[in-house]
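Have a look at the structure below before the remarks.
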Amino acid sequence: MKKLDWKGVGQFFAVLINLITIITTTLKKAAVSIEILDWLTGAGKSEFVAALEKLGESYKKSVPEPLPVKAKTGESYVIHSARVNLSAQPKLPFSGATVESNTGGGMDVLIEMKSDGHLYVDGKKIVLHLEQGHRTGSMHGHKLREALRGKSVMNAALLDFLKENPQFIPNYWKVDEKGNTRYIYFWRTVFRSSDGSLYVRCLYWNDGKWIADYRWLGDDWSFFDPAAVSAS
């Protein structure tokens, strides 16, 4: 039988008592009775879970990231990493928008920024993809959407994560080889407006910060409008 660690047990109960004190003091100030416990496990369960998830995200952001462990010479190593729910509902681009399609994702996806300067999702490098049509000229949005079918384009939940955690965004995403601002699109999520028009969201660098925007599929896409795609 494993010997009990009384010090560890004592620390656990000390934290538990402190937590109970914080909860009861806060509820008393809010003039809320103990009956809230029934509500938290019943009608208010979803709100309670959402609040805990938000606290969990805040806690993870407050924890210092471990220093990167260098690999062998010539090999890349992880600088930043996080576990992300890419199945989460993405932010809407504008008031009245609805999600037309939103596939892919995953509940516990590993996001990494490595020393080679690239973003990785579950071990696969994210590349900026241009179809031949808009590599050499322009391509209508609906035609481009069809051309991208079957490719591992990324969804808007990843865009939302990157917007909130810009340390994961590769520096070369800012501009192309000629200095043109890149507008990076996340095609796996398409939005619909009240009049039936379709839109896709993008991320771009402007005035020292990353901006999230959107674009109507009735427009044309050019060589500075790549899609974020997972490399096979």
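The residues of the chain are indexed from 1 along the displayed sequence.
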Checklist line | Gap between atom CG of Leu203 and atom CG of Leu159 - 0.5 Å precision | finding: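 Separation between the atoms: 5.0 Å.
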Notebook entry, point to check: Quick one: OG on Ser138 to CG on Asp225, what's the gap to the nearest 0.5 Å?
Noted result: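 If we round to the nearest 0.5 Å, Ser138:OG and Asp225:CG are 10.0 Å apart.
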Check: Hey, any chance Leu128 and Leu130 share a hydrophobic cluster, counting ILVMFWY side chains that come within less than 4.5 Å of each other, even indirectly?
Finding: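 No, separate clusters.
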List the residues meeting side chain to side chain contact (heavy atoms under 4.5 Å, CB included) with [X], not counting sequence neighbours, and say none if there are none.
X: Lys178; answer: Asp176, Asn180
X: Ala228; answer: Ile126, Met154, Ile184, Phe186
X: Ala82; answer: Val84, Phe161, Phe168

Next item on the list: Show which residues join Tyr185 in its hydrophobic cluster (side-chain heavy-atom contacts under 4.5 Å, direct or indirect), or state none.
Entry: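 Under the 4.5 Å side-chain rule, Tyr185 groups with Val127, Met139, Leu144, Leu148, Val153, Tyr183, Trp187, Val190, Leu198, Val200, Tyr204, Ile211, Leu217, Trp221, Phe223, Phe224, Val229.
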Which residues share a salt bridge (charged side-chain N to carboxylate O under 4.0 Å, His left out) with [X], sequence neighbours left out:
X: Glu47; value: none
X: Asp219; value: Arg215
X: Asp108; value: Arg83

Check: Just wondering, more than 12 heavy atoms not from Trp39 lying within 6.0 Å of its CH2?
Finding: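 Enclosed: over 12 neighbouring heavy atoms sit under 6.0 Å from CH2 of Trp39.
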Notebook entry, point to check: Does a sphere of radius 6.0 Å around NZ in Lys143 hold more than 12 heavy atoms from other residues, nucleotides or ligands, not counting ones at 6.0 Å or beyond?
Noted result: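 Not buried by this count: 12 neighbours or fewer within 6.0 Å.
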Do [X] and [Y] have side chains that approach each other closer than 4.5 Å (heavy atoms only, starting at C-beta)?
X: Leu162; Y: Leu119; result: yes
X: Val99; Y: Leu92; result: yes
X: Thr181; Y: Asn206; result: no

Measure across [X] and [Y] and return the closest heavy-atom pair with its distance rounded to 0.1 Å.
X: Ala157; Y: Pro90; value: N-CB, 4.1 Å
X: Asp38; Y: Thr41; value: O-OG1, 3.2 Å
X: Thr103; Y: Asn155; value: O-ND2, 3.6 Å
X: Phe191; Y: Pro93; value: CD2-CD, 3.5 Å
X: Asn85; Y: Ser87; value: OD1-N, 3.0 Å

Which pairs pass salt bridge (Lys or Arg N to Asp or Glu O under 4.0 Å) with one or both residues in [range], sequence neighbours excluded?
range: residues 180-209; result: Glu100-Arg192, Asp160-Arg201, Glu177-Arg182
range: residues 111-135; result: Glu131-Lys151
range: residues 86-96; result: Lys91-Glu164

[Y] backbone acceptor or donor facing [X] side chain under 3.5 Å:
X: Asn171; Y: Gly117; value: no
X: Ser193; Y: Ala97; value: no
X: Ser115; Y: Tyr77; value: yes

Notebook entry, point to check: With sequence neighbours left out, which residue pairs that include part of residues 101-136 fulfil the ring-ring contact (aromatic ring centres under 6.0 Å, His included) condition?
Noted result: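 Residue pairs passing ring-ring contact (aromatic ring centres under 6.0 Å, His included), neighbours aside: His118-Tyr172.
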Next item on the list: Under the side-chain hydrogen bond (donor to acceptor under 3.5 Å, both in side chains) rule, collect the residues that match up with Thr26, sequence neighbours excluded.
Entry: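 Not a single residue meets the side-chain hydrogen bond (donor to acceptor under 3.5 Å, both in side chains) criterion with Thr26.
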Next item on the list: Evaluate ring pair (Phe, Tyr, Trp, His ring centres under 6.0 Å) for Tyr214 paired with Phe94, printing each intermediate quantity in order.
Entry: CA-CA 9 Å; Tyr214 60 94; Phe94 50 84; 5.0 Å; yes
